[in-house]
Amino acid sequence: MYDRKSELIQLLNLQPHPEGGYFTETYRSEEKLSGTEATFPAGRNLKTGIYYLLGSDDISHFHRIKSDEMWHHYEGSSITIHLIQQDGLYRALYLGKELSNEQKPQLVVPANTWFGVTVDEPNSYSLCGCTVSPGFDFIDFEMAGRYQMLQAFPEHSEIIRMLTKPSV
Ligand code: GUN
């Protein structure tokens with residue numbers, strides 16, 4: 001059977017991401033922060049970009065980073081980006097090309113926001129890009145623990161159980 005997800009993993013040399021899905025870094029700016037920014041250390045690259053692939057059988061589990069992250073839709077199904085905002089409210093963003101259907105081909109996830117992602121169409125996949133500035137570093141990357149999230153946001157228990165790993 002023709003499997004575009006496997007083909008893309010091979011063609012783009014994608015690796016498994018700790019949050020779920022597959023990625024490869026495509027850009028890391030030469031330019032670096034000078035250290036005047038409180039949140040980020042001197043020497044941090046100014047900007048980075050990745051390809052990110054999620055299958056309908058994958059989940060991007062709840063996580064957060066310290067930069068705004070811009071998402072770009074390239075190919076395949078639309079996706080739903082599930083946010084638990086800093087004010088504690090849940091919000092869904094729809095990344096895709098059907099503009100009449102609330103979807104946008106570019107979206108921004110604000111810094112320090114818990115978020116996870118699901119693919120909208122069954123038996124499908126979605127190829128996206130994610131760009132961040134200041135640039136990505138796994139030091140800033142935090143996976144959400146299920147227990148910690150349920151304690152903090154009991155009103156969102158259903159989506160938390162869906163988008164966290166039981167063992168974390
Ligand atoms: N590089 C490695 N992982 C990530 C990620 O989750 N987002 C971005 N933007 N870059 C990364």
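Just so you know, these numbers use all the heavy atoms, side chains as well, and skip hydrogens, waters and symmetry mates.
Atom NE2 of residue H82 and atom OG1 of residue T118 lie 3.0 Å apart, to the nearest 0.5 angstrom. Atoms OG and NE2, on S126 and H73 in that order, are 3.5 Å from each other to the nearest 0.5 Å. Here the OG atom belonging to S60 is positioned 12.0 Å from the CG atom belonging to L53, to the nearest 0.5 angstrom. Distance check: Y52 OH to L127 CG gives 11.5 Å after rounding to the nearest 0.5 Å. Here the straight-line distance linking atom CG of L8 with atom OH of Y51 works out to 10.0 Å at 0.5 Å rounding. The line from OG1 of T24 to CD1 of I50 is 9.0 Å long, rounded to the nearest 0.5 Å.
For F40, the CZ atom counts as densely surrounded, since its 6.0 Å shell holds more than 12 non-hydrogen atoms of other residues, nucleotides or ligands. L89 CG: more than 12 foreign heavy atoms inside a 6.0 Å radius. Heavy atoms from other residues, nucleotides or ligands lying under 6.0 Å from CG of N101 number more than 12.
Residues L83 and M70 do not share a hydrophobic cluster, clusters being chains of Ile/Leu/Val/Met/Phe/Trp/Tyr side chains in contact below 4.5 Å. Note: the hydrophobic cluster containing F141 also contains V132 (ILVMFWY, side chain heavy atoms under 4.5 Å, direct or indirect links). In the hydrophobic clustering of ILVMFWY residues, with side-chain heavy atoms under 4.5 Å counting as a link, I79 and L93 come out together.
Under the rule for a ring pair (Phe, Tyr, Trp, His ring centres under 6.0 Å), Y74 has no partner lying at least two apart in sequence or in another chain. For S29, the side-chain contact (heavy atoms from CB on, under 4.5 Å) partners at least two apart in sequence or on another chain are Y27, E31, N45, L46, K47. Take Q151 and apply the side-chain hydrogen bond (donor to acceptor under 3.5 Å, both in side chains) test, not counting sequence neighbours, and it matches Y147. Taking F23 as the reference, H17 meet the ring pair (Phe, Tyr, Trp, His ring centres under 6.0 Å) condition, with sequence neighbours excluded. By the ring pair (Phe, Tyr, Trp, His ring centres under 6.0 Å) test, Y125 is found to be paired with no residue, residues two or more places apart in sequence or in another chain being considered. The salt bridge (charged side-chain N to carboxylate O under 4.0 Å, His left out) check on D140 picks up R44, with sequence neighbours excluded. Scanning for ring pair (Phe, Tyr, Trp, His ring centres under 6.0 Å) contacts around H61 gives an empty result, with sequence neighbours left out. Take R161 and apply the salt bridge (charged side-chain N to carboxylate O under 4.0 Å, His left out) test, not counting sequence neighbours, and it matches no residue.
The two residues Q148 and A144 come nearest to each other via the heavy atoms OE1-C, 4.3 Å. Contact record, T80 with A92: CG2-CB, 4.0 Å, taken as the closest heavy-atom pair. The shortest heavy-atom contact between T131 and H72 is OG1-NE2, 3.0 Å. Of all heavy-atom pairs spanning Q86 and A111, the tightest one is OE1-O, 3.8 Å. Residues S34 and A42 approach most closely at O-CB, 3.6 Å, considering heavy atoms. Looking at every heavy atom in both residues, S133 comes nearest to S67 through O-CB, 3.8 Å.
The aromatic rings of F115 and W71 stand perpendicular to each other, their planes meeting at an angle above 60°, with 30° marking the opposite boundary.
The shortest side-chain heavy-atom distance between C130 and F136 does not fall under the 4.5 Å cut-off. Looking at M143 and E19, their side chains come closer than 4.5 Å, going by heavy atoms from C-beta outward. Side-chain contact check for P122 versus S56: every heavy-atom pair is 4.5 Å or farther apart.
Applying the salt bridge (charged side-chain N to carboxylate O under 4.0 Å, His left out) test to pairs two or more places apart or on separate chains, none has a residue in residues 98-118. The salt bridge (charged side-chain N to carboxylate O under 4.0 Å, His left out) pairs that include a residue from residues 50-63 are K5-D57, K5-D58, where partners are two or more places apart or lie in different chains. Residue pairs satisfying the salt bridge (charged side-chain N to carboxylate O under 4.0 Å, His left out) criterion with at least one member in residues 63-78, sequence neighbours excluded, are listed as follows: R4-E75, R64-E142.
Side chain of T26 to main chain of G49: a donor-acceptor pair is present (N/O by atom type, distance under 3.5 Å, no hydrogens or angles).
With a 4.5 Å cut-off between side-chain heavy atoms of Ile, Leu, Val, Met, Phe, Trp and Tyr, the cluster of L150 takes in I59, F62, I84, Y90, W114, M149, F153, I159, I160, M162, L163.
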